[in-house]
There are 2 protein chains.
Amino acid sequence: MGEPEPEAEAGGPQRVRRRRATAGGGAVMADVARRAGVSGQTVSRVLNDHPRVRPETRERVRAAMRELGYRPTASARTLASGRSRTLGVISFDAARFGPAATLAGINEAAQEAGYLVSTIALTAADQAAVRGAVDRLLGQGADGIIAIAPQRSVGEALVEADHGRPMVTLDKSFGARFPVVAGDSTSGARQATEHLLRLGHRTVRHIAGPVGWIAAEARVDGWRAALKDAGAEAYEPLFGDWSADSGHDLGRRLAHDPDATAVFVSNDQMAVGVLRALHEAGRRVPEDVSVIGYDDIPEAAHLLPPLTTVRTDFTEIGRRCLSLMLDQLERTPEPGVRVTIPTELVLRKSCGHLLRGSARQAQG
Amino acid sequence: MGEPEPEAEAGGPQRVRRRRATAGGGAVMADVARRAGVSGQTVSRVLNDHPRVRPETRERVRAAMRELGYRPTASARTLASGRSRTLGVISFDAARFGPAATLAGINEAAQEAGYLVSTIALTAADQAAVRGAVDRLLGQGADGIIAIAPQRSVGEALVEADHGRPMVTLDKSFGARFPVVAGDSTSGARQATEHLLRLGHRTVRHIAGPVGWIAAEARVDGWRAALKDAGAEAYEPLFGDWSADSGHDLGRRLAHDPDATAVFVSNDQMAVGVLRALHEAGRRVPEDVSVIGYDDIPEAAHLLPPLTTVRTDFTEIGRRCLSLMLDQLERTPEPGVRVTIPTELVLRKSCGHLLRGSARQAQG
DNA sequence: GGTCCGCATGTTAGCGGTAACACTCCCCCT
DNA sequence: AGGGGGAGTGTTACCGCTAACATGCGGACC
């Protein structure tokens, strides 16, 4: 049955054939070359769509590849060429909607561009962890790194862990060192606040994201700016941790303050908690209190009441990250680009007019 | 200033030094070896924690690595050893909470085990896409593949795309071909249904996930089994697409049927839509209708009313996937293991007793 | 006191590709 | 007719690392 091993009985203790690095012991380039009657280099050229190959030869090589089920070995290509067609992504809080959706956008776009994505999900934002992640990704041969750096500390660690390869970051700018993509949090917060003010509320309270988070702070800024422009009083924001639990806790504090008639919440999850706290305290939304969230998670339209919120297109953010990365990788990079993804206020039913001290009439 | 290029002026047109494959032009093993005064092989041994190295030598090599900022080149290691310490993950619907949380669990556990994770997020469940993903992952040198295969068709495609490397799948079993991890959907659905029956409801309606999804069908089975055991009538389930939007649509249909006093919904997102539909139709939860969801998303506790639901520990699912993978990779694999992650009914406020034809008294 | 053995380390030959260069043809121009 | 040049292909030398084998050395053993 078994084929005779080539040179199986030649003199002396033969070196053991080393395990192949290919998956499933498949064919390698030399096998394809032999079968197609060409050199390895020609196979390589076919593989890389090099123009200088006669169509007929190309077809012969392709056929040989198909027949042998040939699959190029990425590590060998990477080693020889210095390019891996792999991108590294560092993410935080990957289970939350925003980051997860952004990640999905990056993945999708990467796939279309023929890149593979290696992800490292970090929990701690300390410098050592970030640096370690960058090291592992680069060691793995990543052609570039996309870092979701939602916290200031992460951004700083990233600058620390500097390296030669292209990089794109999300949310945090470092003096035009790397291109940055971000949702326009300041403007989104401003829109939300102005909408509430326009409805007649004397001022707008704010439940913010945690200190140190870029987006959270940008939203605080936008909110504060809108209040200032309108000459409205700015209460100190309450800081949550993005979770519905924290929204609920903080919402209870606001619920007991009869002066609080309008709340801008820094994300929809916390808004869910706020809505519940208000409901439990017997304050109706939007009749007594108006609430605006942020992000427009898919469930926002179905909350009770449907939540007015600021929509962020996370998928688009992810796609833009990727296109910026490709610019750096394959075209002439513009240094220090900053892409801002516009936001849109989505009017639903959680806001109402404030008329002579009492709130009425839903308006979105 | 510049060091003299070694052999820079030796005879004739020198070959151009090829670009290094290392990131940032860093040091390579030979540099470390030279600096430590040992051979490359010894450096390699230190790198791989080989025991046969004198502690003193080991320390010298480590110091040299540190001083040069040496970082091993993964592609070279992979090429030479056949192992990449990279795992491939194929996921679907990566922006939804369940898959995203599972992915996060996998990532976290992989990191602890020293593996890197490459993710391919698929949108279409067709065979070609799945096969392509497997090919790319293997070509990239993945040591094994974890496939989140929530749909029957994906599972079948996976069997089709068979290959030599270890594999772990999520949700779908293929006659004990690969180890499988899954939440215990059937039992979770049964618990939920039985709880509602125990509260006195004559029967329980079901809003199911889409046809073809393993978990959705398992929940239908569990629900049906519980009804059968109790001798309760089984209405045809309504099939949604997991989204709150579809839950809202389907919920409207139920809301107009006064006989519908208890609903088991196949995930929490759809339940959000159902809650809204019920509210809009003027049917109170839990007084008129009891609702149970599935998954226990972090917001479930803050819905109005707080949602009774079946908790699934997605992070644990992810971790178990990884440990099963490691078993195959590094230990003696048990073939065809099936790990089932238990579920737990979390009682909150969306269910109530049905007394003499009218519902009352919240009980979780 | 020589042999055997095991530890610590070095040497050699790849892993599977790609870059640079060399080499044929064959056509076109002068 | 001879030379230049480009298209198509082959040759060679690596990329950075590891497996297998080889070597040197000191101590235990008889």
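What you see is a predicted model; the values in this text were computed from it and never measured. The chains referred to below are lettered A, B, ... by the order of the sequence lines, with proteins before strands, and numbering in each begins at 1.
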task: Scan residues 37-59 of chain A against DNA chain D and write down, sorted by residue number, each residue with any heavy atom closer than 4.0 Å; if none is found, say none.
output: V38(A), S39(A), Q41(A), T42(A), R45(A), R52(A), V53(A), R54(A), T57(A)
task: Tell me, please, which residues at least two apart from Y70(A) pass side-chain hydrogen bond (donor to acceptor under 3.5 Å, both in side chains).
output: none
Any residue meeting salt bridge (Lys or Arg N to Asp or Glu O under 4.0 Å) with R77(B), in chain and number order, not counting sequence neighbours: none
query: Taking only residues two or more places apart in sequence or in another chain, which ones pass salt bridge (Lys or Arg N to Asp or Glu O under 4.0 Å) with R319(B)?
result: E108(B), E112(B)
message: Holding to side-chain contact (heavy atoms from CB on, under 4.5 Å), I want the full list of residues that pass it with A113(A), two or more places apart in sequence or in another chain.
response: Y115(A), L322(A), L326(A)
query: Nearest to the side chain of L79(A), which nucleotide is it out of dG16(C), dA19(D), dC15(C)?
result: dG16(C)
task: State which residues pass salt bridge (Lys or Arg N to Asp or Glu O under 4.0 Å) with R66(A); sequence neighbours excluded, sorted by chain then number.
output: E59(A)
field: Contacts of D143(A) that satisfy salt bridge (Lys or Arg N to Asp or Glu O under 4.0 Å) - sequence neighbours left out
entry: none
- request: To the nearest 10°, let me know how far the axis at one end of the helix from dG1(C)-dC30(D) to dT30(C)-dA1(D) is tilted from the axis at the other, five pairs an end.
  value: 40°
- request: Under the side-chain hydrogen bond (donor to acceptor under 3.5 Å, both in side chains) rule, collect the residues that match up with T119(B), sequence neighbours excluded.
  value: none
statement: side-chain hydrogen bond (donor to acceptor under 3.5 Å, both in side chains) filter on D135(A), not counting sequence neighbours, yields R71(B)
message: Using whole Å, what does the distance between atom C1' of nucleotide dC17(D) and atom CE of M65(B) come to?
response: 12 Å
Qualifying residue, where the test is side chain to side chain contact (heavy atoms under 4.5 Å, CB included) with V53(B) and the options are V43(B), V38(B), V46(B), V61(B): V46(B)
statement: Residues at least two apart in sequence or cross-chain that pass side-chain hydrogen bond (donor to acceptor under 3.5 Å, both in side chains) with S118(A), listed by chain then number, are S118(B)
field: Integer-rounded Å distance: dC15(C) C1' and R83(B) CZ
entry: 15 Å
Expected rows: protein N/O vs nucleotides 22-27 of chain C N/O, under 3.5 Å:
none

